Amino acid sequence: MCGITGYIGYQQAAPVILEALKKLEYRGYDSAGIAVLHQGKLQVRKMQGRLHALEARLASEAAPLQGTLGIGHTRWATHGEPSDANSHPHRAGAVAVVHNGIIENYAPLKAWLCGQGAAFQSGTDTEAAAHLINYYYQRQSRDRPHADPLASAVAAAMERLNGSYALAVIAEDAPDRILAVRKDSPLIVGAGRGEQFLASDVPALLSRTREVYFLEEGEIAALYRDRIAFFNGQGETVHRKAARIDWDAAAAEKGGYPHFMLKEIHEQPKALEDTLKQRLCTGAGGRRDVDLGDMPLEDWKNARRVVITACGTAWHAALVAKHALERFARLPAEVDIASESRYRDPILNSGEVFMAISQSGETADTLAAARLAKAQGASVLALTNTKGSTLAREAGCALYTQAGPEIAVASTKAFTTQLMAVYLMALKLGRLRGSLTQEEYCRHLSALEEIPEKARQILGDERRIQRAAAHCFHKAKVFFMGRQFDYPVSLESALKLKEINYTHSEAFAAGELKHGPIALVDNETLVVAAATQRRLFDKIASNMQEVAARGASLLVITWEGETAFDRTAQEVFPIPRTEDSFSPLLAVIPAQLFAYYCATARGNDPDKPRNLAKSVTVE
Ligand code: AGP
């Protein structure tokens, strides 16, 4: 929920750190800070507000911050409201700390540290970690000299810190190193020549290096100017191989679009093509097939049930996965919101498989649910967009979508590429479990191969959606409804509008309309109906008439050339025809654009919606 970064090398640290923080701002942006070490003195500048406010303050100072070693932070407040004092870095004696995560036992630690004479300046959990490290640091260097007292102090503190943390630590009398440690929060170290970097996420490092190390759980990294040393929780040296990142730096920039969100909506055809290319292959006998990497196909082929867990948009993808796995593979699927399943003591029987879906691979609830399933002996599959993420490394097996970095808080291309991945999985399993003939399998695969071009056609019609949004963005009450595959699309569409337009929008299965929601329908209401399930057209048409009869305005997302709803709807968003089962891949795009253009019409920043962060790495 925050972004941390650090630099040690031969350049002035402040500009390097500020550049990295710009790339991390999407992770949290209520305050920012930097600490640079120069001639044995820690210079700390931190304040509430966006990063540009900190930059302006630094620029207004008589002289720029000097020093070639430093750390930086951009915050999304969890403990302690956004304020100058609660901003990071936090100082305690000789050390300065930046943190992403939550120290769950900070209160008893703080009480104990105060008893040891610590003077707290903030209301944050992080400051307890800073004082704890300093406590051991002072004693290590005095009571028990150690090869690296700072590393030893960090390791000693880790034994008492509960919760999730990615920490970067520097000390006034340690001008040659930065200590970095992670538990449950992502942390990446980048290797340079004569300089080293660290950050919460890859895009923050890409302009500097492509050689990166994803810190493992409980691992400590010591960054020196000429090398990086890794230790495990027991202080033993660990040898790590760098990963090479092939994203181009531009991919993590806006590419000429006004916002990352619009760029990422328009990147969907390419992301879908990349996800297809990665998986489609020619199997035995030269026949079309799907390659699912090291997914345990035997487990899944013989499974009696699959349990799928996720949060937010990924949960909506999980609902589509249920429909697809049951439709094509006749595999019973249960979908659970991760924050619910992790506390329900779920029943996972032998012969059942488990899938966790997460774009970031760092969502706390999803990680916890996956760990629980693994502890119960389930075969856990991670479907994620982020290589090296915690979920990817902890699950038995990871399937990657090829969406590339998704920077906007509101998820778009990650969602549609998750759908593409689960459709390919469902078709492959349908073939393996005998519920699909080779001919049906090939026909469905061909239909999926046409999707990227069809998505391009929808994007080519975005002006129509922009015009509709200009008339609707002020609507206080917006309902989304649909049946079968259209219901998860409605949920995802409502979430998009909620997240970035701040509209109280909600979705319901259209068949539920008369079980309650219709009581809220009046002439101030906007209803968006997703209508792509042809065998249920008369049902959804009735629901549309029911809301129209009560004065609601009606937008309909349906197939090109479909006229059944013309008389009832004020506006129709047509999408190119494909199989009804694959409609979510296309029907969600007009809804994404609608939410985006409503938000920009209202003057919101779609990339940094209030109160939200890209990755919910705490409960
Ligand atoms: C989606 O637009 C939201 N940003 C949010 O619901 C998100 O999908 C959710 O937090 C799950 O994130 P994940 O896929 O990284 O686990």
Side-chain angles (χ1 to χ4, degrees), residues 1 26-29 76 100 164 184-186 200-202 259-262 264-265 268 308-321 335-342 355-371 381-392 394-395 398-401 403-419 421-422 480 488-489 491-503 505 507 588-589 591-596 599 604-619:
M1 309 275 285
Y26 70 89
R27 300 176 62 87
Y29 31 79
W76 189 83
N100 170 32
S164 60
D184 289 348
S185 292
S200 301
D201 206 339
V202 167
H259 299 104
F260 279 116
M261 184 176 176
L262 189 59
E264 289 155 10
I265 289 171
Q268 290 181 112
I308 312 171
T309 194
C311 300
T313 288
W315 175 60
H316 302 150
L319 292 170
V320 173
V335 176
D336 227 344
I337 292 176
S339 56
E340 286 297 298
S341 71
R342 68 179 288 191
M355 175 161 68
I357 303 178
S358 173
Q359 187 283 130
S360 63
E362 301 298 346
T363 298
D365 287 320
T366 308
L367 289 176
R371 286 168 181 155
L381 173 68
L383 177 59
T384 182
N385 188 45
T386 310
K387 288 197 175 70
S389 63
T390 303
L391 180 65
E394 291 189 357
L399 277 189
Y400 292 104
T401 49
E406 185 177 72
I407 307 299
V409 169
S411 188
T412 51
K413 62 177 182 174
F415 177 66
T416 46
T417 52
Q418 284 163 359
L419 298 189
V422 297
F480 293 80
V489 171
L491 287 166
E492 174 59 12
S493 305
L495 176 59
K496 290 290 92 69
L497 198 63
K498 199 179 292 174
E499 274 190 294
I500 62 174
N501 197 45
Y502 311 149
T503 305
S505 55
V588 75
I589 298 175
Q592 293 167 344
L593 289 167
F594 179 74
Y596 172 80
N604 293 353
D605 177 351
D607 286 345
K608 295 178 183 134
R610 68 184 182 199
N611 306 340
L612 291 173
K614 181 61 183 173
S615 182
V616 185
T617 55
V618 293
E619 281 193 68

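Computed over heavy atoms, backbone and side chain alike; hydrogens, waters and symmetry mates excluded. Order of appearance sets the numbers: ligands from 1, and atoms from 1 within every ligand. Everything numeric here is computed off the predicted structure, so don't read it as measured data.
Not a single heavy atom of Ser615 sits less than 4.0 Å from an atom of ligand 1.
Selection from Glu499, Lys498, Glu406 by nearest heavy atom to atom 3 (C) of ligand 1 gives Glu499.
Put simply, the side chain of Ile500 does not reach to within 4.5 Å of the side chain of Asn604, judged on heavy atoms. Looking at Val422 and Met355, their side chains come closer than 4.5 Å, going by heavy atoms from C-beta outward. For the pair Leu593 and Leu262, the minimum side-chain heavy-atom distance is below 4.5 Å.
Numbered from 1 in the order shown, with element, the atoms of ligand 1 that lie under 4.0 Å from a heavy atom of Ser358 read 13 (P), 14 (O), 15 (O), 16 (O). Applying the 4.0 Å criterion to heavy atoms of Ser411 picks out, from ligand 1, the atoms 1 (C), 2 (O). Proximity to Val409 (heavy-atom distance under 4.0 Å) selects the following atoms of ligand 1: 2 (O), 3 (C), 4 (N). Residue Ala410 approaches ligand 1 through these ligand atoms, each under 4.0 Å from one of its heavy atoms: 2 (O).
Contact between Met261 and Pro606 at its shortest, heavy atoms only, is SD-CB, 4.1 Å. Considering every non-hydrogen atom in both Thr617 and Asn100, the closest pair reads OG1-OD1, 3.9 Å. Pairing each heavy atom of Glu499 with each of Ser411, the nearest pair is OE1-N, 4.5 Å.
At under 3.5 Å, not a single nitrogen or oxygen of Lys614, backbone or side chain, sits near a nitrogen or oxygen of ligand 1. Residue Lys496 has at least one N or O atom closer than 3.5 Å to an N or O atom of ligand 1.
Looking from atom 14 (O) of ligand 1 to the surrounding protein, the closest heavy atom is Gln359 N, 2.7 Å. Among protein heavy atoms, atom 11 (C) of ligand 1 sits closest to Cys311 O, 3.4 Å. Of all protein heavy atoms, the one lying nearest to atom 6 (O) of ligand 1 is Gly312 CA, 3.2 Å. In terms of protein heavy-atom proximity, atom 15 (O) of ligand 1 is nearest to Ser360 OG, 2.7 Å. If you check which protein heavy atom lies closest to atom 10 (O) of ligand 1, you get Val616 CG2, 3.9 Å. The protein atom (non-hydrogen) at minimum distance from atom 1 (C) of ligand 1 is Thr313 OG1, 3.0 Å. Closest protein heavy atom to atom 16 (O) of ligand 1: Thr363 OG1, 2.5 Å.
With salt bridges taken as basic N to acidic carboxylate O contacts below 4.0 Å, none links Glu406 and Lys413.
Defined by atom type and a distance below 3.5 Å, a donor-acceptor pair is present between the side-chain atoms of Thr313 and Lys496. Side chains of Glu362 and Ser389: a donor-acceptor N/O pair is absent below 3.5 angstrom, by distance only.
Residue Gln359 is tested with Asn385, Thr401, Thr384, Thr366 for a side chain to side chain donor-acceptor pair (under 3.5 Å); the sole match is Asn385.
Neither the backbone nor the side chain of Glu362 has any atom closer than 4.0 Å to an atom of ligand 1 (non-hydrogen atoms only).
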